[in-house]
Structure formats: structure tokens, C-alpha cells
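What follows is one structure encoded as C-alpha cells, with my remarks underneath.
Convention: sequence-line order gives letters A, B, ...; per-chain numbering from 1.
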2 protein chains.
Amino acid sequence: MEGKAKKILIADDEPDILEIISYNLGKEGYDVYTAKDGNEAIERARILQPELIILDIMMPRKTGVEVCQILRSQPSFQDTLIIFLTALNDEASEIKGLETGADDYVSKPISPKVLVSRVNALFRRVNSKETGKTIEIGNITIDPVKFLVTIDGNELVLAKKEFELLYLLASRPGRVFLRNEILSQVWGNDVIVGDRTIDVHIRKVRQKLGVDCITTVKGVGYKFEL
Amino acid sequence: MEGKAKKILIADDEPDILEIISYNLGKEGYDVYTAKDGNEAIERARILQPELIILDIMMPRKTGVEVCQILRSQPSFQDTLIIFLTALNDEASEIKGLETGADDYVSKPISPKVLVSRVNALFRRVNSKETGKTIEIGNITIDPVKFLVTIDGNELVLAKKEFELLYLLASRPGRVFLRNEILSQVWGNDVIVGDRTIDVHIRKVRQKLGVDCITTVKGVGYKFEL
DNA sequence: TTTTGTGTAAACATAACGTTAACATGGAAG
DNA sequence: CTTCCATGTTAACGTTATGTTTACACAAAA
């Protein structure tokens, strides 16, 4: 459910709008970043790799549509959500915006509540599709979609159970999982396995990770840390 | 890639609206079905299992919001797209609609073009497999229009299923596709094929490509890389 | 010291996949 | 209409990766 706060980049040349939107999305728990023109939007997007980009259509130094086209042409922005924001209320722009590859389109004057709802709806849709989110902790990333664990950029391959085990522990860093909990989450409630099964898998994960990030809490269980 | 025309169910109590929307969406190649009230919408949805449902909010025998809540509570409609259609132009309804689990919200008076664009945008997002777009990865080109795969300029011929399989995997490089996903995307939801069918096709693709770019993730599925 | 819980290595069991060959089917060519 | 060929599918068997158990060593707590 939690994972990490999603990053949202908002680009608009009107400071008032930036502020009111930032405030409202921030209140919802999103990490909000801003840009005040098209070029800055592209720049910040490349660095931040946000999950969602909200683009005003009318901006100096590249319009929202141009920014969208440029970003969409790059592989790393294929899946990024994009919402257009605009004063133009004519449908031609709306159609063009959506066909450029935007995921939604909101007309000014903007109601913060409506925008927040639309943002939530978009994320709901996308998340339910991509079962599971990527976990990032320090230099370790755990991506259940690509089924990939990365340490300092080095990809490494875990077996299915190993991955599920690590993903469970890392989903709540610091929290101790009882052996029972681990069993029911990773192995399922009806499966009966021996005592040492968990240890062995823990060991394999530790071994493959190379980093010491799974702590034993004797008599209780295991937790993921650092 | 074709698979099948997507099914869209439209529920509205105004025959004129049903007709104009049906016509416009039909022209886009969708299979359009209609219902004239809430109960009929639910009934037809259960039988048709459409990919998208467009619901008027104000309908006799259950409002659009009620229909949405009922359907969303069932597992088979978790991933179904839902768009609300309404004359109410106040934001309270809009917010409520989106929070009920709708994916979009279009206000009347409806512009058919805008609606069609929004429908297309939604499907684009969900499929996110850029229908009909040439994929280029490294020295490999996959052109679904010409139905052609090129490696270092050498054209090679794949059979239909082989091509669809490759195209699916390559559409999201790095992402692991579960065997289930592959089955439903390439073979369709209602076809029943044996366990080894996918393997055999994977093998044929690997063989024809000559390059090792399809990785097995045991117990999970396959992914395209490099 | 004894007890309890965990780490480790190796052996074992098995599920998942690869590979091949045979059969089925549908359309094209004759 | 028949034959042929490409494709799709299934079945059988081999292979490997993965999961599990066993056995024992070790450490900390009682």
C-alpha cells in the first residue's frame, strides 16, 4: 500500500497556480516538484523521473504539447503519466492533447479538488494494472514488475521464493516479520514446510545480495534494514 | 496484436445520445453495445464482459454511480474501464464519480470527438502497448504494420503467433510477462491451450531471431532484454 | 552445562521449462 | 476436390533450477 510517495512534476508559468496545486497535491501525500517553463520541465523530468507530469499547454520556452512529445519519444517516459492543463476550452486542443499521448486533460479554471481526484483516479488505474510497486531503499531497488533486484546498478537474479521473501521484508523496512507471517505471506496458509526452510531461503537471499541487510531477531523473526 | 475489437457498453436513458455515441465509437472499430437503464447495464455487463463501460449518471433503475459501485465490488470488473457521462457540471459529482472508481468523467453536452479521444486515451494507457507502432531496440526492429522483423538489416519471417508473442514481450523491454498474461494477450481469454504451447513458441522465436534476447524467469514468465 | 534457536552445507525431491517429434488444421496450389 | 505446406498444438521425455529436508555446528540464553 505505501511503498514510497509518488513524485509529481508540475509545469506552469503562473506562480499562483503552481502554488495552489502543489499545496493540494502535497496534502495528499505526493512529492511535488515544479517547473516554470517547458525547458525546465524537461530538465527536471529527466532528473526526477516522476510518476506523473502535469503540463500547462501555454508555457514559454516550449509548450506543454511539445514537452509531451519530446518526453514520450524517450523510453524512460513511455509509462509516465501526463496530464494537460489549459485555459483553452475548445475541443480541438483537447483532442490533440490526448492524441499526443496525454492521459488526461483538465481545463482551467482549475478546481484543486477535481484535479486531485483525477490524479488519484489515474494512479489507481495504473497501480491496479502493474501489480506491485518498485521498492527503493538506499542503493537497492526491488522491482516486482521486471522481477529484478538492483544493487548499485548491478542487476541480480533471485529465484521466485527468494524474491517474494525479500519483497515482503523490504516492503516494510525495520518491521520485524514473525516466522509465521513470512510463512503465510510467502508460502501460503495451507502449505506445510519444515522449520529450516525459511532460514535456508534467508541465507540464499543474503548470499546473493552480498549486503548485510536482513537482520535476525532471535526467537521472533527477521527484518529488513539499511 | 489485433486480438479482437474491444467491447464497449454504453448506458443512457436518452436514445439520441446512445445512437450518436454508438455511431462514433463504432466508426473507430469498437464493438458497441447499449443499455437503457441501470439494471440493464449491470445485466449486459455481466454477460458481455466489456473492456469499457460508459455510464450516464442520471438513469432510471439505478444511477450510474450505483451501477459502478455494484460492478466494482465484483472481481471480474476490477480492471474494467468506466467513464461517467453527465449533465451535472458541478465538481462535487465529478469528485464523487472519480472516487467511486471511475476512470474518467465527461460532462454533457457531449462532443463525440472528445469522447472518442478520451476513450482512445484510456485504452492507450491500459494497453500501453502502443498499438501498431514499430518497436526498435538495439539492432532489432519489429514492425507490426509490415509484419516484419529486422535484425541488423536482415529481414526475417515469423509466423503470426510468433510475431504477436515477440511484439508483446518487446513492447515493454525488461518487464516480465506472466504466462497468464501472455496467454490472454496473444491467445485470448477464452482459448484453452496446453502448458507447453508458450514454450514451444518462445523456442521458435528464439531460434529464428538467433539472438538471445528472451529471458526465462522461472516460475514467473518471460521477458525481452537486450 | 544444558537448552533453545539459528546458520550452513549437502542431499534429495520436484516443479518448471526445453526439446523433439508427431498430430491437427486451414488455406493455397494444383 | 485433392494435395501440399505452413502453422499451431499436444504429448513424451530429458534437463535444470528451485524448493525442501536432513544433519550438524555454533552461539546465546537459561
Could you tell me whether B:Lys223 sits above the aromatic face of A:Phe147, with NZ or CZ closer than 6.0 angstrom to the six-membered ring centre and within 45 degrees of the axis?
no
Both A:Thr216 and A:Lys160 contact DNA chain C. Which one's nearest nucleotide lies toward the 5' end?
A:Thr216
With DNA chain D as reference, determine whether B:Val217 or B:Asp195 sits nearer its 5' end, using the nearest nucleotide of each.
B:Asp195
Assign each of B:Val193 and A:Leu158 the nucleotide of DNA chain D bearing its closest heavy atom; nearer the 5' end lies the nucleotide of B:Val193
Please tell me if the side chains of A:Ile10 and A:Leu25 come closer than 4.5 Å, counting only heavy atoms from C-beta onward.
yes
Does OP1 or OP2 of [N] have a side-chain N or O of [X] closer than 4.0 Å?
| X | N | value |
| --- | --- | --- |
| A:Arg196 | D:dC24 | no |
| A:Arg179 | C:dT6 | yes |
| B:Trp187 | D:dT9 | yes |
| B:Tyr222 | C:dA16 | no |

Heavy atoms from C-beta onward define the side chain here; which of [options] lies closest to that of [X]?
| X | options | answer |
| --- | --- | --- |
| B:His201 | C:dA9, D:dT9, C:dG7 | D:dT9 |
| A:Val200 | C:dA9, D:dT9, D:dT18 | C:dA9 |
| B:Thr197 | D:dT9, C:dG7, D:dT20 | D:dT9 |

Below 3.5 Å, does any donor atom in the side chain of B:Lys218 face an acceptor in the base of D:dT16, or the other way round?
yes
Can we say A:Asp199 and A:Arg179 salt-bridge, meaning some charged N sits less than 4.0 Å from an Asp/Glu carboxylate O?
yes
